[in-house]
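Beneath this line is the structure, given in structure tokens, with notes to follow.
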Amino acid sequence: MTIANYAVFGHPISHSLSPRIHAAFGKQAGIALNYVAIDAPTDTFAAVLARFADAGGRGANVTLPLKQEAFRLSASASDFAQRAGAVNTLTRLDAGWRGDNTDGAGLIRDLTGRHGLDLRERRTLLLGAGGAARAAAHALLDAGIGELVIVNRSPERADALADAIGLPKRVHTRYWNDLANLGSFDLVVNATSAGVARETLHLPFALVAPRALCYDLSYGAAAFGFIAWARAAGAGKALDGLGLLVEQAAESFSIWHGTRPETDPVHDLLRAELPLLATD
Ligand code: ATR
């Protein structure tokens, strides 16, 4: 029997690109690894993860909707994962799972490295307050954005995130119903899972400042609606999260294998297969 020593867990997970990304990185580094996708709803995740560990599992990526549960299941966690309250990378240690969160670093690498963008002082709107939003908020603030306005369908989650960040002069929350009255933003980040669920966000064009950057943390078809809205609103750049996906995977790979792979060849290969979403 082949032991899957690495895996990505999520629900749904069948369309995940992570197995292909890690296989490509492994090939590049000359490391033989077996990385598979495992479907796990939140209520059975703990049991499925325990079975994976018993069968020899050494590392796991975790995606929607399991990142906060993965944090709870971590025996220890990195500083950034603790701040985000969310884990996307699990590493098996003698003492149990060690939790990391590479989404924040992956987002900033994609924006500043691949796309050469300067994030400093950008007035930023964050849509969503789940696990993905939490990592993005901390990473963007660390990268030097200006004011951060968090808007979530359920306002109490936005307030909880703002409270956890603890920068009341820089971070504010507003109601979703108030989106038309917030002025314009230099950076709009969609961290909701609406696109993944094939739901449409109804967003005012006035949110997008001239030359603004609009970024969807999801990629492919899940980002279609947001990218189309951003283009129609006149954004200077509208990007999906494929770059983030590849960069966070590279960070996870380097935690597990001690070497950071070249991301551009893998990114470019996958981009060529996806419908064209990035605009410059
Ligand atoms: P993730 O790990 O991707 O962040 P999550 O924790 O389930 O997943 O969070 C999903 C986010 O998308 C939440 O902010 C959610 O809003 P609620 O907290 O109100 O549930 C948001 N979301 C999902 N569908 C949405 C929709 N149709 N409109 C607006 N927000 C939506």
Side-chain angles (χ1 to χ4, degrees), residues 67 78-86 88 101-152 155 157-176 178-179 181-192 201 203-219 223 226-227 229-230 233-245 247-248 251 278-280:
K67 290 179 186 178
S78 69
D79 200 40
F80 188 85
Q82 289 184 39
R83 284 164 68 207
N88 79 328
N101 188 315
T102 65
D103 285 331
L107 173 65
I108 301 306
R109 265 195 183 253
D110 188 42
L111 288 170
T112 62
R114 173 164 297 105
H115 297 288
L117 296 162
D118 188 348
L119 300 176
R120 285 171 299 173
E121 299 306 330
R122 284 185 190 246
R123 182 168 192 250
T124 299
L125 173 65
L126 179 64
L127 299 166
R134 299 178 85 89
H138 285 280
L140 291 167
L141 288 162
D142 289 353
I145 58 163
E147 183 194 10
L148 176 66
V149 178
I150 305 169
V151 177
N152 193 51
R157 272 181 109 185
D159 289 339
L161 173 52
D163 286 350
I165 293 169
L167 296 171
K169 290 207 179 96
R170 215 168 144 208
V171 179
H172 304 109
T173 58
R174 295 286 180 270
Y175 291 114
W176 197 280
D178 245 6
L179 278 172
N181 306 315
L182 302 185
S184 65
F185 294 85
D186 313 305
L187 173 57
V188 180
V189 177
N190 181 22
T192 75
L201 298 176
L203 304 169
F205 288 155
L207 290 171
V208 178
R211 290 184 299 282
L213 163 66
C214 295
Y215 194 100
D216 196 318
L217 300 186
S218 57
Y219 61 89
F226 180 78
I227 299 282
W229 165 80
K237 231 180 204 321
L239 300 169
D240 77 345
L242 180 67
L244 156 59
L245 180 78
E247 295 303 329
Q248 63 79 27
E251 298 288 325
T279 56
D280 285 306

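- A distance of 11.5 Å separates OG1 in Thr173 from CG in Leu126, rounded to the nearest 0.5 Å.
- With values rounded to the nearest 0.5 angstrom, Leu245 atom CG is found 9.0 Å from Asp103 atom CG.
- For Gly243 against Asp110, the heavy-atom pair with the smallest separation is CA-OD1, 3.3 Å.
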### Stepwise side chain to side chain contact (heavy atoms under 4.5 Å, CB included) check, Val189 with Leu107
CA-CA 11 Å; Val189 177; Leu107 173 65; 5.5 Å; no
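- Contact of the Asn152 side chain with the Leu161 side chain is not registered, since no non-hydrogen atoms from C-beta on lie closer than 4.5 Å.
- In this structure, Ile165 and His138 have side chains that are in contact, with non-hydrogen atoms separated by less than 4.5 Å.
- Residues Leu213 and His115 are not in side-chain contact: their nearest non-hydrogen atoms beyond the backbone lie 4.5 Å or more apart.
- Panel note: side chain Asp240, backbone Ala223; no donor-acceptor pair is recorded below 3.5 Å.
- Here the side chains of Tyr215 and Leu140 are not in contact, with every heavy-atom distance at 4.5 Å or above.
- Note that CG of Leu125 is 4.5 Å distant from CZ of Phe185, once rounded to the nearest 0.5 Å.
- Between Asp178 and Leu182 the shortest heavy-atom distance is O-CG, 3.5 Å.
- Checking Asn101 against Ser78 by side-chain atom types alone, no donor-acceptor pair falls below 3.5 Å.
- Between Arg114 and Leu239, the closest side-chain pair of non-hydrogen atoms is not below 4.5 Å.
- Between Asp159 atom CG and Arg174 atom CZ the span is 10.5 Å, to the nearest 0.5 Å.
- Between atom CH2 of residue Trp176 and atom CG of residue Leu203 there is a gap of 6.0 Å, rounded to the nearest 0.5 Å.
- With Arg123 contributing its side chain and Gly146 its backbone, the two residues share no donor-acceptor pair below 3.5 Å.
- Heavy-atom minimum distance, Leu119 versus Leu187: CD2-CD2, 4.4 Å.
- Smallest separation of non-hydrogen atoms from Pro155 and Tyr175: CB-CE2, 3.6 Å.
- Between Lys67 and Arg134 the shortest side-chain heavy-atom distance does not fall below 4.5 Å.
- Contact of the Ser218 side chain with the Phe226 side chain is not registered, since no non-hydrogen atoms from C-beta on lie closer than 4.5 Å.
- Taking 4.5 Å as the limit, every side-chain heavy atom of Ile145 sits out of range of all side-chain heavy atoms of Asp186.
- Shortest non-hydrogen contact noted between Gly128 and Ile150 is O-CG2, 3.8 Å.
- Nearest approach of Val208 to Gly234, heavy atoms of both residues: CG1-C, 4.3 Å.
- To the nearest 0.5 Å, atom CG of residue Leu141 and atom CD of residue Glu147 are 11.0 Å apart.
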